[in-house]
A.B. asks: 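Okay, handing you the structure first.
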2 protein chains.
Amino acid sequence: MNQPGESLRDRKKRRTRAALERATVRLAAERGYDHVTVEEIAAEADVSVRTFFNYFASKDEALIGADPEAGPRMAERILAASDEVTPFEAYRQSVLAEITDELNNARDLWLLRKEVLMQRPDLLVRAFANSAESERLLANAVGRRAGLPESDLYPRLLVAAGSAAFRCAVTRWALDDSVALGDLVGDALELFGTGLAHVPPHHHEGGS
Amino acid sequence: MNQPGESLRDRKKRRTRAALERATVRLAAERGYDHVTVEEIAAEADVSVRTFFNYFASKDEALIGADPEAGPRMAERILAASDEVTPFEAYRQSVLAEITDELNNARDLWLLRKEVLMQRPDLLVRAFANSAESERLLANAVGRRAGLPESDLYPRLLVAAGSAAFRCAVTRWALDDSVALGDLVGDALELFGTGLAHVPPHHHEGGS
DNA sequence: GGATTGTTTTGCAGTCACTGCAACTTTGCA
DNA sequence: TGCAAAGTTGCAGTGACTGCAAAACAATCC
């Protein structure tokens, strides 16, 4: 009864984690992030407070619900990409793939998160603080791929640009979601790719 | 006795604020950020705990000690810049001026902060969450300067790139400070300006 | 100088996030 | 069925942070 797929235990864990994430987002959207206590979240998900903290290191983390395996997965993809493509391209595709996946699996959650993030934009920034480890991982992957020394700024910058792109895209998307979030991230990365020195002519825009 | 320069009151406030900032950084560098309580910091600065929180909204904020007027000041400079220069250039110069100033006035503090940030890189990220308001201000300034609509991604991206540049530069600098922090930020902004699509040939490096 | 007014500091009581630890329960496996 | 590993829970404790109302202080007016 130990299929490599998933044991009962694993399934339960996944469900509990998801329930906590959902509860956090739902309640926060409903009555405002800091009018919701962890106690209420835990109750909603039918576990103890202590269990909440076994799954998430902080309330912030639960709200964003960042997949701890996203970092390693992306690093993997970057290193696995064909040598034909530039490190930038490899990174870009890795990011977009991850985001597309995420949005397909949890579009409804993101719509709720949007409400919360509109009230408290700082939460999005803080969320990235938790993934400092993932950032280091990705930067290393990019650095190795580009054959650069540890001390080079480029890999770090590229990864930071990715975070920034995502962050800005979400902020913009929260303002008006007539353009898909994935496309906005794509646009943002495009701009970082070609450089910010000159104001770009135009991007998407609703339709003018 | 009310010189527009500075009243007794103002002087005292500045001194208290500075003392709290110094105490926070010094103690954190000495025994690690979370082995220092706000109570100890307040004691070191000779004020009550409650007063600490009158000056800083959080321990994080005190560690970074971001000047609340830096945002408005930079926005000012961006809008005041000659029409000859691109918005990017205006922003770049505004950032570099601010950072140069800061480093000239508090180089010693930054050397201590470095110790703390090497242990806990996430604190630097979190620090920027507090300046979400300043970011909005700057983005608006850039947007107006570039004649772009509210919804355009570019201004937000440029400002986010600035944060990222600073963040990465500090991280790199903490690793090896043989290159001046100001120069590293300059390099980073340069890269954002010309685009990340291709791996740059080389930057500073110790001396080759 | 002394009364008056506006500001800052402080103590206090309270809430809530988060942690370590030691039972207790559930699941995986023989 | 019985044992070991993994997961859950309660509990006690720490420490960041807030609101409030009183005390100390600085600027101003007479």
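In the text below, chain A, chain B and the rest are named by the order of the sequence lines, each starting its count at 1.
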A.B. asks: Strictly below 4.0 Å, heavy-atom distances to any atom of DNA chain D: list the hits from residues 32-42 of chain B, or just say none.
C.D. replies: B/V36, B/T37, B/V38
A.B. asks: Excluding sequence neighbours, so at least two apart, what forms side-chain contact (heavy atoms from CB on, under 4.5 Å) with A/E190?
C.D. replies: A/R92, A/T194
A.B. asks: B/T100: what forms a side-chain contact (heavy atoms from CB on, under 4.5 Å) with it, not counting sequence neighbours?
C.D. replies: B/N104
A.B. asks: Can you find a side chain N or O atom of A/T51 that sits less than 4.0 Å from OP1 or OP2 on D/dT8?
C.D. replies: no
A.B. asks: CG of A/D10 versus C1' of C/dG28: gap in Å, rounded?
C.D. replies: 11 Å
A.B. asks: Just to confirm, is there a sub-4.0 Å distance from OP1 or OP2 of C/dG28 to any side-chain nitrogen or oxygen of A/S7?
C.D. replies: yes
A.B. asks: How about CZ on A/R31, more than 12 heavy atoms from neighbouring residues, nucleotides or ligands closer than 6.0 Å, or not?
C.D. replies: yes
A.B. asks: Should the pair B/F192 and A/F192 be assigned to parallel (<30°), tilted (30 to 60°) or perpendicular (>60°) ring geometry?
C.D. replies: tilted
A.B. asks: Look for any protein N or O under 3.5 Å of an N or O in nucleotides 12-14 of chain C and output each such pair with its distance, or none.
C.D. replies:
none

A.B. asks: Run the side-chain contact (heavy atoms from CB on, under 4.5 Å) test against B/F53 and tell me which residues pass, sequence neighbours left out.
C.D. replies: B/V38, B/V49, B/R50
A.B. asks: My understanding is that only residues two or more places apart in sequence, or in another chain, count here; which of them pass side-chain contact (heavy atoms from CB on, under 4.5 Å) with A/A141?
C.D. replies: A/A75, A/I78, A/L79
A.B. asks: Sort me out a list of protein N/O and nucleotides 22-26 of chain C N/O pairs below 3.5 Å, or just none if empty.
C.D. replies:
none

A.B. asks: Taking the six-membered ring of B/W110 as reference, does the NZ or CZ atom of B/R113 fall below 6.0 Å from its centre and within a 45° cone about the axis?
C.D. replies: yes
A.B. asks: Residues in side-chain hydrogen bond (donor to acceptor under 3.5 Å, both in side chains) with B/R136, at least two apart?
C.D. replies: B/E133
A.B. asks: Applying a 4.0 Å non-hydrogen cut-off, can you work out what B/V49 is touching in the nucleic acid: base, sugar-phosphate, or nothing?
C.D. replies: nothing
A.B. asks: Could you tell me which residues satisfy salt bridge (Lys or Arg N to Asp or Glu O under 4.0 Å) with A/R15, sequence neighbours excluded, listed by chain and number?
C.D. replies: none
A.B. asks: Rounded to the nearest angstrom, tell me the gap between atom CZ in A/R15 and atom C1' in C/dT27.
C.D. replies: 14 Å
A.B. asks: For the pair made of NZ in A/K13 and P in C/dG28, what is the distance, rounded to whole Å?
C.D. replies: 12 Å
A.B. asks: Nearest whole Å is fine: how far is D/dA6 P from A/R11 CZ?
C.D. replies: 19 Å
A.B. asks: Let's see if you get this right: which residues in residues 53-68 of chain B place a heavy atom under 4.0 Å from DNA chain C?
C.D. replies: B/N54, B/Y55
A.B. asks: Go through the structure and list residues passing side-chain hydrogen bond (donor to acceptor under 3.5 Å, both in side chains) with B/Y33, not counting sequence neighbours.
C.D. replies: B/D60
A.B. asks: Taking atom C1' of C/dT8 as reference, at what distance in whole Å does atom CZ of B/F52 sit?
C.D. replies: 17 Å
A.B. asks: Please round to 10 degrees the angle between the axis of the first five pairs and the axis of the last five pairs in the helix from C/dG1-D/dC30 to C/dA30-D/dT1.
C.D. replies: 10°
A.B. asks: Shortest non-hydrogen contact from B/L112 to B/A29?
C.D. replies: O-CB, 3.8 Å
A.B. asks: Do B/E89 and B/R145 meet the salt-bridge criterion of a basic N to acidic O distance under 4.0 Å?
C.D. replies: no
